[in-house]
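Reviewing the structure listed below.
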Amino acid sequence: MAYKRSSALFHEASQYIPGGVNSPVRAFKSVGGDPIYIKEAKGAYLYDEDGNELIDYINSWGPMILGHAHSKVINAIIEKAKLGTSFGTPTEIETEIARLAVSMVPNIDKIRFVNSGTEACMSAVRLARGFTGKEKIIKFAGCYHGHSDSFLIQAGSGAITFGSPNSPGVTKGTAQDTLLANYNDIENVKDIIAANTNEIACIILEPVAGNMGCIPPKEGFLQELRNVCDANNILLIFDEVMTGFRLAKGGAQELFNVAADIVCFGKVIGGGLPVGAFAARNEIMNFLAPLGPVYQAGTLSGNPLAMAAGLAMLQELNTDVDIFNRLKEKTDYLHAGLRKVLESKEIDFTINQVGSMISVHFAKEAVVDFNSAKAGDNQQFKDFFHALLAEGVYIAPSAYETWFLCDALTYEDLDKTIEACNKVL
Ligand SMILES: *Cc1c(COP(=O)(O)O)cnc(C)c1O
């Protein structure tokens, strides 16, 4: 495949945009080479500026769970745009999507819409601090919660692949309020709590980690977190920006039957437009301005265009009763095919999967936390990435990213993918 036009566009962009991109992981720095410029997308396929056709396993990093340019979502955006895109006043559609989201997700009474997953997590932590009157937070190494200061402490994917887990610009004061725990290690969490009695406002985590590859919670881990939170008056925040409306209607809370105190959303909830949200029971949400003292605001938050896209997406997910099952079955099929190929090649590998999230690690030992994720063979991943790309299969350009499957993928696409893996490995 030729990427002449993509490379030319990237070099042009690099003159005006830092690193040529508006979000670092797009730059291909961790796999080498120039990024690919996409011109359009439909269903499970991307079409780039050089006329190449690619099967897409990134799906805009998660939002496109129905496939690209889904007609219901696109029509909702077009019709809404004709009426004006933002008024800075309340609109009825905000209530419609809020009512639907609250009906789909367990343990929440109210939801506040923002513009990104970063904003959702940042605001959720502020709310937890305001509500509990405590300041410290626990996060897990390798979990990503957006790029706000408190979270840029061993933050997974972009931050790992760029070798700057502790970004300059984050103050020592901020960093010291973020306590770092090992994913899937409840004893470590208990030790940290014991060493910081009555100081911890919340524990925030990805209930299925997706930013160090896909890492499922160990059996019982989420419930044990729930228990230690209850015993210590700590709020449990599930960052479901990736898992929300993807693993089940009610996200990881539903799948694992564990209740969080605050839940963060992004990605799927916006149907491909910039949307985030956070939600909790009344007692907590009523602490937010204008009802309560914790401040949070946004000029474009809940704008009609974004809400129309999100509402069309959630309506589709709410009415298509089989969708999450279908997605899981397709991913199971891909998983089995990849496993067979990798076993036949005698390559060290681990495949992790939960529902429609899957990742291949070139590592011998089970990948259960940040350290075991880092043990993967990065050179092997780079070669695998570029070889797959040449076969028309587009996976995320980093060994620390999850593959996301969309409903538009056919079994023929999956067979092509498995065959491409067989060829390149
Ligand atoms: C993507 C992501 C975020 C950040 O969302 P943005 O919309 O990129 O700001 C936060 N948490 C998780 C788990 C994510 O995957």
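Note that ligands are numbered from 1 as they come in the structure, with each ligand's atoms numbered from 1 the same way. This is a predicted model, so every value here is computed, not measured.
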Considering only distance and modelled atom types, tabulate donor-acceptor pairs under 3.5 Å from the side chains of residues 103-116, sequence neighbours left out.
residue, atom, partner, partner atom, Å
Ser103, OG, Leu100, O, 2.7
Asn107, ND2, Gln253, OE1, 2.9
Asp109, OD2, Asn282, N, 2.8
Lys110, NZ, Asn282, OD1, 2.8
Lys110, NZ, Asn286, OD1, 3.1
Arg112, NH1, Ala289, O, 3.3
Arg112, NH1, Gln296, OE1, 2.9
Arg112, NH2, Ala289, O, 2.9
Asn115, ND2, Glu119, OE2, 3.1
Asn115, ND2, Ser301, OG, 3.4
Ser116, OG, Thr118, N, 3.4
Ser116, OG, Glu119, N, 3.1

Original post:
Which residue pairs pass the salt bridge (charged side-chain N to carboxylate O under 4.0 Å, His left out) test when at least one of the two sits in residues 230-245, sequence neighbours left out?
Top reply: Arg226-Asp230
Original post:
If you count only heavy atoms, which residues are under 4.0 Å from ligand 1?
Top reply: Ser116, Gly117, Thr118, Tyr144, His145, Gly146, Glu206, Asn211, Asp239, Val241, Met242, Lys267
Going by atom type alone, with no hydrogens or angles, which donor-acceptor pairs under 3.5 Å involve a side-chain atom of residues 79-88 and a protein atom two or more places apart or on another chain?
residue, atom, partner, partner atom, Å
Glu79, OE2, Lys82, NZ, 3.2

Original post:
So does Gln15 have more than 12 non-hydrogen atoms from other groups sitting under 6.0 Å from CD?
Top reply: yes
Original post:
Hey, is CD on Glu53 packed in by over 12 heavy atoms from elsewhere, all under 6.0 Å?
Top reply: yes
**OP:** Would you kindly say whether Ser7 and Asp34 are connected by a side-chain donor-acceptor distance under 3.5 Å?
**Re:** yes
